[in-house]
Amino acid sequence: MENSETQRRLRLGLFVQPLGHHVSGWRLTDNAGAPTDIDWLITLAKKAEAGTFDLFFVGDALATSMYRLPSTMARLEPLTLLSALAVQTRSIGLAATASTTFSDPFTLARSLSSLDHISRGRAAWNVVTSFSNDVARNFSREDMPDHAQRYGRAREFLDVASKLWNGWEEGAVQPDAETGRYFVDEKIKAVNHRGEHFQVQGPLNITRSPQGRPVIITAGSSVDGQKLAAETAEVIFTASATLEEGQAFYRVQKQQIREAGRDPSHVVIMPGVMPVVGRTREEAHALWKQLNTLVDLENGISQLSLRFGVDLSGYPLDGPVPDVPLGEGNQSRVRLMLDMAKRDNLTLGELAAIAAGSRGHRVIIGTAEDIADDFELWLNQGAADGFNIMPAIMPEQLDLFIERVIPELRRRGLFRQDYAHSTLRENLGLPAV
């Protein structure tokens, strides 16, 4: 682990939306490339690496109907994309989102290990469960397994993947030209897993990767999601709207990690945040207002309806947000948005604009100093170990963050000057596996 001085330094990920994270961001730039333009994505990855971000974090969805947005309707498959970026970068971590609901452990473990080899130890897996029936219909099912079933499968999936990665011990590869022996057979072990969801013999047909195995990220904040994170995660991606909510989640999650028999300092909690950076506060607030005036509210209502599992199109936009039961979908994000609407007395239209714009994550509007103040407060008050940064407009807001916010964080001793290690696990301060 890192020493006490570097432990208090922030970890930063770039949550990648090639056209900007705000739903209207692409309308305010002429400089962005297409979501499937590899040259554009290489440019973004190199910008993030120049800013010494820990992670280049690629989301994913398995149905185009989930969010009717340019960068979610058309996107490159994450593992394919990150394999290309791995040979164009040298230090930044590469995180791929992949669902356990409609994948199999052997194939995905092999693919992730391949990315870890190609990147020389910089791969991470953002473990998610799918939640939309539209996804189910792309995989020969009419509906989605229920929440508990999906998380039960995810837990066993991770268990099998870990067994496969651990099946190759250190020193399993020892080429000996004299004897003709290349592998040490006793250091390569079968899995022979027989469980409720999977029967996997193993071993994996790829050697142990440079950092042992990819870093495990989880992104669910429901009860089942927090339990899975406590047992398996090394990085937790979450959403918290206020400092108090962030502190409560951080405290409860770290306690659950402790109760699972793990060291809480070995798990990094990184809420998502959209910083709207301005050279002045007035400039930042004017940009935020402009972004929200461009939101297509019909699209925003469609997104809320999908998340809530209730058709909201018949409710008045200037009326209150209706009470809806938590369904089998993205429970934690729905609760966050309902709490936000109640706390801030938002109309349905206002919530739709904010939710569509920020996709349910916290927004900070201001100068580099304002954003650094906020980050420092959350770090020192036990609400976060770092943040996943979601620039509203690409590339302008990413450039401003790198040019203004990161130097201010460095000036305060809150962020690295350069990468200190070769693997993602080491740069995050995580123990060897």
Side-chain angles (χ1 to χ4, degrees), residues 8-17 19-32 44 47-57 239-247 270-295 340 343-344 350 353-354 356-418:
R8 68 178 297 274
R9 288 183 179 169
L10 290 162
R11 282 77 161 190
L12 294 178
L14 174 65
F15 192 92
V16 183
Q17 289 287 353
L19 298 183
H21 194 79
H22 194 282
V23 68
S24 304
W26 65 275
R27 300 176 67 180
L28 295 180
T29 180
D30 295 323
N31 300 318
L44 295 180
K47 284 177 181 286
E49 187 167 67
T52 66
F53 279 80
D54 290 277
L55 284 167
F56 190 84
F57 192 114
S240 299
T242 67
L243 176 64
E244 293 73 24
E245 288 178 14
Q247 289 172 316
M270 298 173 65
V273 62
M274 181 190 290
V276 180
V277 189
R279 294 168 183 82
T280 65
R281 290 179 183 171
E282 292 75 17
E283 179 182 274
H285 282 278
L287 176 59
W288 178 240
K289 181 178 180 180
Q290 184 181 14
L291 283 164
N292 286 333
T293 60
L294 294 172
V295 171
M340 178 194 305
R343 182 184 64 248
D344 298 337
E350 289 169 335
I354 292 171
S358 67
R359 306 182 202 189
H361 286 278
R362 189 168 68 97
V363 179
I364 312 170
I365 308 164
T367 64
E369 292 76 14
D370 294 329
I371 292 162
D373 285 345
D374 180 278
F375 285 7
E376 187 168 15
L377 179 66
W378 278 59
L379 180 66
N380 291 338
Q381 293 298 314
D385 298 310
F387 298 95
N388 259 324
I389 306 304
M390 303 170 163
I393 306 171
M394 286 291 204
E396 290 84 352
Q397 280 290 299
L398 174 59
D399 290 341
L400 276 174
F401 189 90
I402 292 171
E403 292 165 8
R404 290 178 173 265
V405 179
I406 284 180
E408 179 62 20
L409 294 173
R410 287 172 172 163
R411 187 185 68 79
R412 302 181 188 202
L414 296 174
F415 194 56
R416 66 165 64 89
Q417 295 292 329
D418 204 349

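Sequence positions, counted from 1, serve as the residue numbers for this chain.
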Can you find a heavy atom in the side chain of [X] that is under 4.5 Å from one in the side chain of [Y]?
X: His22; Y: Val295; result: yes
X: Leu291; Y: Ile393; result: yes
X: Phe401; Y: Leu14; result: no
X: Leu409; Y: Glu376; result: no
X: Ile364; Y: Asp370; result: no
X: Leu294; Y: Leu28; result: yes
X: Ile389; Y: Phe53; result: yes
X: Glu283; Y: Thr367; result: no

Work out which heavy atom in [X] is nearest to a heavy atom in [Y]; give both atom names and the distance.
X: Ala48; Y: Phe56; answer: CB-CD1, 4.2 Å
X: Phe415; Y: Leu10; answer: CD1-O, 3.3 Å
X: Asn31; Y: Pro395; answer: CB-CD, 3.7 Å
X: Ala383; Y: Pro271; answer: O-CG, 4.2 Å
X: Met274; Y: Trp288; answer: SD-CZ3, 3.9 Å
X: Gly366; Y: Ala284; answer: N-CB, 3.5 Å

**Request:** Let me see the working for Arg412 and Glu408 under salt bridge (charged side-chain N to carboxylate O under 4.0 Å, His left out), right down to the final yes or no.
**Result:** CA-CA 6 Å; Arg412 302 181 188 202; Glu408 179 62 20; 2.8 Å; yes
**CA sep, side-chain torsions, deciding dist, call: Thr52, Arg410, side chain to side chain donor-acceptor pair (under 3.5 Å)** = CA-CA 11 Å; Thr52 66; Arg410 287 172 172 163; 2.9 Å; yes
**Message:** Please check this pair: side chain of Arg404 against backbone of Val277, looking for a donor-acceptor N/O pair closer than 3.5 Å.
**Reply:**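 The answer is no, because no donor-acceptor pair under 3.5 Å joins these two groups.
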**Prompt:** Any donor-acceptor pair under 3.5 Å linking the side chain of Glu396 with the backbone of Thr29?
**Reply:**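 Here the side-chain-to-backbone pair does not exist.
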**Request:** Would you check, one step at a time, whether the test side-chain contact (heavy atoms from CB on, under 4.5 Å) holds for Phe375 with Val273?
**Result:** CA-CA 10 Å; Phe375 285 7; Val273 62; 4.0 Å; yes
Atom [atom1] of [X] and atom [atom2] of [Y]: how far apart are they, to the nearest 0.5 Å?
X: Asn292; Y: Leu287; atom1: CG; atom2: CG; answer: 9.5 Å
X: Asp54; Y: Phe387; atom1: CG; atom2: CZ; answer: 13.0 Å
X: Gln397; Y: Met390; atom1: CD; atom2: CE; answer: 14.5 Å
X: Leu377; Y: Asp373; atom1: CG; atom2: CG; answer: 8.5 Å
X: Gln381; Y: Gln247; atom1: CD; atom2: CD; answer: 6.0 Å
X: Arg27; Y: Leu19; atom1: CZ; atom2: CG; answer: 13.0 Å

**Message:** I'd like to know whether CZ of Arg343 has more than 12 heavy-atom contacts from other residues, nucleotides or ligands below 6.0 angstrom.
**Reply:** yes
**Prompt:** Are any of the side-chain nitrogens in Arg362 or Glu245 under 4.0 Å away from the carboxylate oxygens of its partner?
**Reply:** no
